[in-house]
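Bear in mind the structure is a predicted one, so any value in this text is a computation, not a measurement.
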Amino acid sequence: MKTGLVLEGGGLRGMFTAGVTDAMMEANVTFDGLIGVSAGALFGCNLKSGQRGRALRYNVALRNDPRYMGWRSFVKTGNIVGAEFSYHVVPFEIDPFDGEAFKRNPMDFWLVATDINTGEPVYHRMDEFTHHELEWMRASASMPAVSKPVEVDGRVLLDGGMVDAIPLKTFQQMGYERNVVVLTQPRDYYKTRSRVLIWLIRRMTKKYPKVAEVMSRRHEMYNEQLQYITEEERKGNTLLIYPQQPLRIGRTELSERKMRRAHGLGYKAAMEIMDKIKEFTKG
């Protein structure tokens with residue numbers, strides 16, 4: 001059976017995920033494939049390159065840099081996460097990503113984006129760490145309303161969490177039969193419709209009406225996926241890891257204290273069940 005790791009997004013809530021994957025690296029847990037959405041892809045790539053601690057390290061180091069993330073970047077560039085600096089300077093110059101290790105690792109690495117012309121999910125396998133491939137990763141993590149659409153390989157893309165937030169079913173259909181799923185919300189979380197967000201997105205994306213359409217249904221999609229992963233957990237082919245309480249960190253909130261807390265909670269959650277994770281991934 002092929003084993004998979006499914007990583008939800010959530011912006012800086014993804015520090016919880018980084019804590020989980022750091023624990024997995026420490027314990028030498030491996031998978032046949034990984035699929036990440038938004039922050040799940042951004043931080044999950046460090047598992048494939050074997051760079052434990054990197055996600056927390058560069059986020060803490062750059063928390064006060066206006067080129068990195070925040071409203072100053074949004075006002076100046078139209079992207080709340082600085083596109084050129086974050087995706088093409090940081091991983092090559094400031095905190096180098098080990099692209100050779102990423103390429104050598106046989107684990108398949110998938111990410112999810114949304115085609116905003118069709119409103120459909122796009123699944124992309126990233127085999128190497130290049131400037132071109134990083135545009136796919138940027139697309140997966142480009143939050144609507146606060147990011148410009150990303151044009152890559154003939155598509156116009158935004159955040160994959162709009163249409164496939166927890167892609168367990170997708171990964172199963174790809175052949176990954178036993179999956180560990182990492183959530184960034186507590187087990188009892190239930191998403192509700194945000195009228196203000198939909199109104200804002202509709203105003204800012206008149207050129208792409210599918211964005212408002214998929215966002216108006218996003219809460220339904222997300223809650224259906226939560227129900228599905230619970231059913232799959234009961235069948236015994238899915239293992240869930242999630243925070244026991246709300247992480248209380250905003251999507252773009254670069255508070256060192258909150259980032260370290262979320263990361264620590266993820267690390268602890270994984271270490272507490274590490275024997276179970278190892279047994280599960282070995283079948």
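For Asn46 (side chain) and Phe43 (main-chain N/O), a donor-acceptor pair under 3.5 Å exists by modelled atom type. In this structure, the side chain of Glu133 does not engage the main chain of Met126 through any donor-acceptor pair within 3.5 Å. Between the Arg54 side chain and the Asp95 main chain, a donor and an acceptor come within less than 3.5 Å of each other. Remark: the backbone N or O of Gly161 is paired with a side-chain donor or acceptor of Asp159 at under 3.5 angstrom. When atom types are taken as modelled, the side chain of Thr3 and the backbone of Asp32 share a donor-acceptor pair closer than 3.5 angstrom. Side-chain atoms of Gln225 come within 3.5 Å of backbone atoms of Ala165 as a donor-acceptor pair (strictly under, hydrogens ignored). Without hydrogens or angle criteria, Arg13 side chain to Thr184 main chain gives a donor-acceptor distance under 3.5 Å. For Ser140 (side chain) and Ala113 (main-chain N/O), no donor-acceptor pair under 3.5 Å exists by modelled atom type. In this structure, Ser73 contributes its side chain and Met69 its backbone to no donor-acceptor pair below 3.5 Å. In terms of modelled atom types and a separation under 3.5 Å, the side chain of Glu253 and the main chain of Gly11 share no donor-acceptor contact.
Residue pairs that meet the salt bridge (charged side-chain N to carboxylate O under 4.0 Å, His left out) test with at least one member in residues 160-179, sequence neighbours left out, do not exist here. Pairs of residues two or more places apart, or lying in two chains, never qualify as salt bridge (charged side-chain N to carboxylate O under 4.0 Å, His left out) while including a residue from residues 70-90. Here ring-ring contact (aromatic ring centres under 6.0 Å, His included) pairs that include residues 241-279, with residues two or more places apart or in two chains, number zero.
Between atom CE of residue Met24 and atom CG of residue Leu47 there is a gap of 7.5 Å, rounded to the nearest 0.5 Å. Of the inter-residue distances, the one linking Leu226 atom CG with Lys191 atom NZ reads 9.0 Å to the nearest 0.5 angstrom. Met162 CE to Lys210 NZ: the interatomic distance, rounded to the nearest 0.5 Å, is 11.5 Å. Note that the CG atom of Leu183 and the CZ atom of Phe16 stand 8.5 Å from one another [nearest 0.5 Å]. The distance from atom CG of Leu247 to atom CZ of Arg261, rounded to the nearest 0.5 Å, is 6.5 Å. From Tyr208, atom OH reaches atom CD1 of Ile116 across 5.0 Å, with rounding to the nearest 0.5 Å.
Checked against side-chain hydrogen bond (donor to acceptor under 3.5 Å, both in side chains), Asp127 has the following partners two or more places apart in sequence or in another chain: Arg125. Taking the side-chain hydrogen bond (donor to acceptor under 3.5 Å, both in side chains) definition, one finds that Lys206 meets it with nothing, sequence neighbours left out. The side-chain hydrogen bond (donor to acceptor under 3.5 Å, both in side chains) test applied to Thr130 returns no partner, not counting sequence neighbours. Looking at residues two or more places apart in sequence or on another chain, you find no ring-ring contact (aromatic ring centres under 6.0 Å, His included) involving Trp199. Residues meeting the salt bridge (charged side-chain N to carboxylate O under 4.0 Å, His left out) test with Glu220, sequence neighbours left out: none. Partners of Glu100 by salt bridge (charged side-chain N to carboxylate O under 4.0 Å, His left out), not counting sequence neighbours: none found. Under the rule for a ring-ring contact (aromatic ring centres under 6.0 Å, His included), the partners of Phe92 that lie at least two apart in sequence or sit in another chain are Phe129, His131.
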Q) Would Glu213 and Arg217 satisfy salt bridge (charged side-chain N to carboxylate O under 4.0 Å, His left out), going step by step from the backbone distance to the final call? A) CA-CA 7 Å; Glu213 184 179 321; Arg217 302 192 306 266; 3.4 Å; yes
Q: Show your reasoning for whether side-chain contact (heavy atoms from CB on, under 4.5 Å) applies to Ile166 and Tyr228.
A: CA-CA 10 Å; Ile166 314 169; Tyr228 180 77; over 6 Å; no
Q: Determine, step by step, whether Lys235 and Glu232 satisfy the salt bridge (charged side-chain N to carboxylate O under 4.0 Å, His left out) criterion, reporting the C-alpha distance in whole Å, the side-chain angles of both residues, the deciding distance to 0.1 Å, and the verdict.
A: CA-CA 5 Å; Lys235 294 178 184 178; Glu232 293 302 292; 2.9 Å; yes
Q: Given side-chain contact (heavy atoms from CB on, under 4.5 Å), test Arg138 with Val81 step by step and report yes or no.
A: CA-CA 9 Å; Arg138 182 166 76 89; Val81 178; over 6 Å; no
**Q.** Full working for side-chain contact (heavy atoms from CB on, under 4.5 Å) between Glu8 and Val182
**A.** CA-CA 6 Å; Glu8 182 187 11; Val182 181; over 6 Å; no
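Pairing each heavy atom of Leu240 with each of Ile229, the nearest pair is CD2-CD1, 4.1 Å. Summarising the geometry of Asn179 relative to Gln172, their closest heavy-atom pair is ND2-CG, 3.8 Å, with the distance given to 0.1 Å. Here the closest heavy-atom approach between residue Gly44 and residue Leu34 is recorded as O-CD1, 3.8 Å. Here the closest heavy-atom approach between residue Ala269 and residue Ile241 is recorded as CB-CG2, 4.2 Å. Between Pro167 and Val37, the shortest heavy-atom contact is CD-CG2, 3.5 Å. Between Tyr87 and Ala141, the shortest heavy-atom contact is OH-CB, 3.6 Å.
With contacts defined as side-chain heavy-atom distances shorter than 4.5 Å, the pair Val180/Phe280 qualifies. Within the 4.5 Å cutoff, the side chain of Thr281 has no heavy atoms near those of the Thr30 side chain. Annotation: side chain of Thr192 is not in contact with side chain of His219 (no heavy-atom distance under 4.5 Å). The shortest distance between side-chain heavy atoms of Thr230 and Arg187 falls below 4.5 Å. A heavy-atom distance below 4.5 Å is found between the side chains of Tyr189 and Tyr222. Two residues are said to be in side-chain contact when any heavy atoms from C-beta on lie closer than 4.5 Å; Leu265 and Pro243 fail this criterion. Between Asp115 and Leu157 there is a side-chain heavy-atom pair separated by less than 4.5 Å.
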Determine all donor-acceptor pairs shorter than 3.5 Å in which one atom belongs to a side chain in residues 104-111; sequence neighbours excluded.
| residue | atom | partner | partner atom | Å |
| --- | --- | --- | --- | --- |
| Asn105 | OD1 | Met107 | N | 2.9 |
| Asn105 | ND2 | Lys48 | O | 3.0 |
| Asp108 | OD2 | Tyr176 | OH | 2.7 |

What pairs of donor and acceptor atoms, side-chain ones from residues 143-152 against any protein atom, are under 3.5 angstrom apart with sequence neighbours left out?
| residue | atom | partner | partner atom | Å |
| --- | --- | --- | --- | --- |
| Ser147 | OG | Met143 | N | 3.1 |
| Ser147 | OG | Met143 | O | 2.9 |
| Lys148 | NZ | Thr77 | O | 3.1 |

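At most 12 non-hydrogen atoms from other residues, nucleotides or ligands lie less than 6.0 angstrom from CE of Met1. A 6.0 Å sphere centred on CZ of Arg57 holds more than 12 heavy atoms belonging to other residues, nucleotides or ligands.
Following chains of ILVMFWY side-chain contacts shorter than 4.5 Å, one can reach Ile249 starting from Val60, so the two form part of one hydrophobic cluster.
Below 30°, between 30° and 60°, or above 60°: for His124 and Trp136 the angle between ring planes is below 30°, a parallel geometry.
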